[in-house]
2 protein chains.
Amino acid sequence: MSVLTGGKLKLIQAALRLITQSRSLTSLGLRELAREAGLNPNTFYRHFQNLDEFGLQVLSYIAEDMKSGVRELRRTAETSEQAAHDTVTFVYHYFLANPAATTVAVRELHGPSPLLRRALENQLDASAREMGEDIIDRQLVSGVEPRTIHEISTMTIRYILFRAMDYIDQPAQRERIQLETERFINRQFRGAMVEHLTRAELDTLADNKQ
Amino acid sequence: MSVLTGGKLKLIQAALRLITQSRSLTSLGLRELAREAGLNPNTFYRHFQNLDEFGLQVLSYIAEDMKSGVRELRRTAETSEQAAHDTVTFVYHYFLANPAATTVAVRELHGPSPLLRRALENQLDASAREMGEDIIDRQLVSGVEPRTIHEISTMTIRYILFRAMDYIDQPAQRERIQLETERFINRQFRGAMVEHLTRAELDTLADNKQ
DNA sequence: CCTCTAGGTATACATGTGTCTACCCGTTGA
DNA sequence: TCAACGGGTAGACACATGTATACCTAGAGG
């Protein structure tokens with residue numbers, strides 16, 4: 001584990017290229033991969049046992065990448081609103097720079113291979129947990145149970161992932177998508193902050209605005 | 001348009017069966033379909049020009065189904081919380097009864113075929129608009145702009161769709177998923193209702209609970 | 001009664017696929 | 001110097017795929 005030697009890396013990168021051009025990881029053929037990588041089909045077997053193992057390796061290659069990306073995200077932000085803005089900006093830029101990884105993640109999270117699905121879920125849940133801990137440590141929201149914060153984090157991570165697809169392939173809509181995402185996050189947390197109020201109390205609050 | 005004759009229907013249903021057993025619509029082969037349907041491969045060409053057209057027809061077959069399902073949903077519920085509960089219960093039961101349709105929708109919404117993607121988006125947006133109108137007409141939330149209600153509806157429809165996958169294939173988690181979904185919806189709307197408050201006002205509200 | 005047609009079938013072809021076995025070549029270590 | 005070995009190649013295998021052409025049959029319409 002695990003310096004990637006030439007051929008192996010070439011195959012993985014070929015997969016990422018093919019996926020960006022509208023394929024799904026599970027549907028790639030090994031000859032297709034070799035062709036794209038400029039290698040002999042049989043070279044595949046020098047590095048991977050079969051396509052399942054290949055899929056897993058591509059995934060962990062991506063995961064490595066994503067993790068290091070998201071780690072950088074320890075920013076200084078005072079309010080949760082500011083943090084939401086910073087996070088969303090950062091994450092979408094990251095996704096934009098790594099379209100293949102994003103596409104793989106979105107497609108395989110609900111894709112046909114249970115193996116890849118579980119792997120991705122674990123990966124996402126880990127990120128969500130980190131995000132939750134971060135919010136708690138930095139006390140970005142008040143009066144909300146940790147349990148709820150983690151729940152919201154999980155939802156948010158998934159939401160962002162899916163929107164990232166739109167963000168990538170609809171350049172004209174990027175600003176709108178970013179703003180929607182921020183509103184989404186803020187509403188979740190604001191909603192959680194007033195979860196203990198009755199509907200009547202809420203209604204008066206809502207009606208009293210000008 | 002469009003009484004489905006024997007063979008055509010058999011092919012579409014074969015597709016739905018195959019998809020439930022962990023395939024994706026785009027990845028189906030016509031021989032595979034014919035085999036599953038108990039027909040000669042060439043019969044496919046009597047009914048469809050190619051696999052793309054087939055995909056679209058499967059989609060509209062499903063759409064028909066879903067639409068009629070969701071239409072039944074005009075229930076009587078007094079509070080938005082109650083409506084959320086009723087809706088979520090109904091929708092998840094519907095998805096549970098139609099796993100193939102659900103799987104197709106989830107897989108192809110971010111799948112490799114732009115054609116199917118657009119078709120599905122339109123379908124979902126239509127449902128979201130209906131949901132939004134319904135909420136507005138029945139005045140289930142107060143003090144929230146129609147624009148915001150529609151935005152939340154769109155997010156909710158997509159959220160539910162993805163969770164439906166988990167709901168279907170994790171029987172032990174169904175109650176939890178349903179509750180999470182309800183909390184998700186309520187937080188969105190509650191969050192929207194207090195969107196006009198400042199953070200300081202919110203913090204006092206949140207800290208004052210016991 | 002004949003003809004047309006919709007739906008289903010059979011055969012065949014070129015191309016693609018995963019996998020196996022065998023061969024090759026440069027580096028490394030003894 | 002020689003053996004082992006990691007990484008790459010070549011050819012061949014059985015089988016799957018999309019598609020084209022031709023044939024068959026049951027029913028409908030005149």
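All chains are named by letter (A, B, ...) in the order of the sequence lines, taking the proteins before the strands, and each is independently numbered beginning at 1. Note that the structure is predicted; figures quoted are calculated from it, not measured.
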Nearest heavy-atom neighbours spanning B/I19 and B/S24
CG1-C, 4.4 Å
Over all atoms of both residues, closest heavy-atom pair of A/L11 and A/A37
CD2-CB, 3.9 Å
Map B/L28 and A/T43 onto DNA chain D by nearest heavy atom, then report which one ends up closer to the 5' terminus.
A/T43
Count the heavy atoms of every other residue, nucleotide or ligand shown that sit under 6.0 Å from CD of A/E64, and state whether that count exceeds 12.
no
Could you pull out all residues at least two apart from B/E121 that satisfy salt bridge (charged side-chain N to carboxylate O under 4.0 Å, His left out)?
B/R118
Salt bridge (Lys or Arg N to Asp or Glu O under 4.0 Å) for A/R17 and A/E36? Distances and angles first, verdict last.
CA-CA 8 Å; A/R17 244 174 292 136; A/E36 174 75 23; 2.6 Å; yes
Check the distance between [N]'s [atom2] and [X]'s [atom1] and give it to me in whole angstrom.
X     : N      : atom1 : atom2 : value
B/L9  : C/dG8  : CG    : P     : 11 Å
A/F44 : C/dT17 : CZ    : P     : 13 Å
B/F48 : C/dG8  : CZ    : P     : 11 Å
B/Q49 : D/dT19 : CD    : C1'   : 13 Å
A/L11 : D/dG8  : CG    : C1'   : 11 Å
A/L30 : D/dC15 : CG    : C1'   : 15 Å
B/Y45 : D/dA20 : OH    : P     : 6 Å

Given side-chain contact (heavy atoms from CB on, under 4.5 Å), test A/R163 with A/E180 step by step and report yes or no.
CA-CA 10 Å; A/R163 292 318 297 270; A/E180 270 180 30; 3.0 Å; yes
For DNA chain D, the residues among residues 32-40 of chain B that have a non-hydrogen atom under 4.0 Å from it
B/R35
I'd like to know if B/N42 reaches the base of C/dT11 with its side chain, counting only an N/O donor and acceptor under 3.5 Å.
yes
Salt-bridge present (A/R117, A/E108; N to O < 4.0 Å):
no
Taking only side-chain nitrogens and oxygens of A/H47, does any of them come within less than 4.0 Å of OP1 or OP2 of D/dG8?
yes
For the side chain of B/L51, counting heavy atoms from C-beta on, which of D/dA10, C/dT17, D/dG18 is nearest?
D/dG18
Closest to the B/R31 side chain, choosing from C/dG18, D/dT19, D/dA10:
D/dT19
Is the distance from the ring center of A/F44 to that of A/F48 below 6.0 Å?
yes
Enumerate the protein-to-nucleotides 23-29 of chain C contacts in which both atoms are nitrogen or oxygen and the separation is below 3.5 Å.
none

Which is it for B/E182 and B/N186 under the side-chain hydrogen bond (donor to acceptor under 3.5 Å, both in side chains) test, yes or no, and what are the steps along the way?
CA-CA 6 Å; B/E182 289 175 31; B/N186 291 328; 5.5 Å; no
